[in-house]
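In what follows, a structure is listed as structure tokens, so that the remarks can point back to it.
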Number of protein chains: 2
Amino acid sequence: MLDVPKPQQNHLLAALPAQSLERLLPYLELIPLPLGEVLYESGDILHHVYFPTDSIVSLLYVMEDGASAEISVVGNEGLIGIAVFMGGESTPSRAIVQSAGHAYRLPCQRLKDEFNRHGEMLQLMLRYTQALITQMAQTAVCNRHHSIDQQLCRWLLLSLDRLQDNQLTMTQELIANMLGVRREGVTDAAGKLQRLGVIEYSRGHITVLDRAALEQLSCECYAVVKKETDRLLPSEPLPPTDE
Amino acid sequence: MLDVPKPQQNHLLAALPAQSLERLLPYLELIPLPLGEVLYESGDILHHVYFPTDSIVSLLYVMEDGASAEISVVGNEGLIGIAVFMGGESTPSRAIVQSAGHAYRLPCQRLKDEFNRHGEMLQLMLRYTQALITQMAQTAVCNRHHSIDQQLCRWLLLSLDRLQDNQLTMTQELIANMLGVRREGVTDAAGKLQRLGVIEYSRGHITVLDRAALEQLSCECYAVVKKETDRLLPSEPLPPTDE
DNA sequence: TACGCTGTGTGCGTTACCGCACACAGCCGC
DNA sequence: GCGGCTGTGTGCGGTAACGCACACAGCGTA
């Protein structure tokens, strides 16, 4: 955990060519993101995009009856607000902070300007978007075919990948909302994992003890998304300042 | 049903500025798409993109065990092969013809060239992609929360919107593969609709008798996607030659 | 006419998840 | 210490969808 996260902790910012990043730097504002903060609501016109450094944000679809489901997760590998450059200005989803931390915020116009220079920024954003699409699609399939047990493993792995340590602050209630299942279903699944010694659970704090087991127990969906993301966004040439 | 579909029957082609379309026209090739044809397999490098005129293509995710689920549908409102301009060149999904018809085929490079002119084509493609993302996301939520009955209604409406008449050629077996459920589940749901007089079923031919009822019985997912698609891609200034 | 193939209907028992109710445990503030 | 709140564990009946088996119907072909 860094005291002051650097922009380069976000992989997209880190992957930008030096000139692009320099143009953006004056407008990048470090923002703390507390748990549960809503970055945008369904249909909101976006005014900023967010590049997480050490936070995790969920894209959540909420139904008329209040039921919800997470369709993708964004951490320091991505950005919140693709609708800005995709042209739609808004989306029917909610972006909510799932793990507290920080993000660099950039006014829409600055992103658009850089995007419209048609340089590497455009290529990078589109590739990231494709990775995001893959994650959404796989989530759809996973929702259809896999058990809560498997999905919990997948979800834990997704979160773990976006965190600095192996502990996450998360109640079963919140996980249930993300997965779109009952809280008791999560209790069951988490209980099994705890009995297997894979995780340790205590009032909103989960510690992952055996990541390999988690991957074993997860459905294929996690691996598919990870592989495709790595293909689309190979680990960038990180500057040495990066943690 | 037209004898020879025109490029403008595809809404994206129709929405292109005249110069763009003119540049593409010499390379647009009309291709018949028989039922079940696979336009690309998961991981394939794409060589063409397809603009359907009177066909419907499903984007299908197939799991390791063979189970599948449709994550979105593409008809004359869209194109197959967004990975070409998104930068990934391939996707982990299969594109399979769900309703026979035709499409205009364009070599990748021609699309990229036009896309890289950074004109309206780019804007249009990205907006369409955002609409597609909405459909995928809503599919994910729908898979989680809604009954087969509701999903069948949604699916029929999606297909209906992309057809010229109110009849579709489709066995229950195929619909089951699309929805990722058992064939018997579709039989049940379709039986109910038939008893209600909403559809008529006969060995692979479905006739929709009461579209309004279908919308009534469907979950909100259909409407959400339709509304968002209309917002992102308002009905284009169709040339008078369009059917 | 008989046969076979494909598509549809139906009836089981089984399972996964839901909805609800409630018990209890950790933790904070008074 | 006490009470109250939040988070977790558990049990129960209900239900939607599953897997499997099989009957039957439409339709083309021998």
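All chains are named by letter (A, B, ...) in the order of the sequence lines, taking the proteins before the strands, and each is independently numbered beginning at 1.
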Query raised in the report: Looking only at side-chain N and O atoms, does B:Gln172 come under 4.0 Å of OP1 or OP2 in C:dG9?
Result: yes
Report summary line: When rounded to whole Å, the CG to P distance for the pair B:Leu174 and C:dT8 reads 9 Å
Query raised in the report: Can you tell me how far C1' of C:dG26 sits from CD of A:Glu173, to the nearest Å?
Result: 17 Å
Report task. Measure the spacing between CG of A:Asn76 and CD of A:Gln9 and express it to the nearest 0.5 Å. Result -> 7.5 Å
Query - Shortest non-hydrogen contact between A:Ser159 and A:Leu168, atoms and distance - result: CB-CD1, 3.8 Å
Query raised in the report: More 5' along DNA chain C: A:Arg182 or A:Arg203, using each one's nearest nucleotide?
Result: A:Arg182
Query raised in the report: For A:Asn143 and D:dA16, what is the distance between atoms CG and P respectively, to the nearest whole Å?
Result: 19 Å
Requested in this report: Under 4.0 Å between any heavy atoms, over every strand shown, what does A:Thr187 touch: base, sugar-phosphate, or nothing? Just pick one.
Outcome: base
Query raised in the report: Considering only C:dA21, C:dC17, C:dT8, which nucleotide approaches the side chain of A:Ser147 most closely?
Result: C:dC17
Query raised in the report: A:His146 or A:Glu184: which one's nearest nucleotide on DNA chain C is closer to the 5' end?
Result: A:His146
Query raised in the report: Heavy atoms under 4.0 Å, any strand shown: does A:Gly204 hit a base, just sugar-phosphate, or nothing?
Result: sugar-phosphate
Report task. Measure from CG on A:Asp65 to P on C:dC18 and round the result to the nearest Å. Result -> 13 Å
Requested in this report: May I have the distance from B:Ile148 (atom CD1) to C:dA16 (atom P), rounded to whole angstrom?
Outcome: 17 Å
Query raised in the report: Is the base of D:dG9 touched by the side chain of A:Arg183 through a donor-acceptor pair closer than 3.5 angstrom?
Result: yes
Query raised in the report: How many Å lie between OH on A:Tyr201 and P on D:dT6, as a whole number?
Result: 17 Å
**Report entry** Residue pair A:Tyr201 / A:Gly204: nearest heavy atoms and the distance that separates them
**Finding:** CE2-N, 4.5 Å
Query - Presence of salt bridge, A:Arg154 and A:Asp149, under 4.0 angstrom - result: no
**Report entry** 5' precedence on DNA chain D between A:His205 and A:Arg144 (nearest-nucleotide basis)
**Finding:** A:His205
Requested in this report: Could you check how far CG of A:Asp188 sits from C1' of C:dC20, rounded to whole Å?
Outcome: 15 Å
Requested in this report: Round to the nearest Å and state the distance from A:Ile175 atom CD1 to D:dG7 atom P.
Outcome: 12 Å
Query raised in the report: Using 4.0 Å as the upper bound for N to carboxylate O, is an ion pair formed by A:Lys192 and A:Asp188?
Result: no
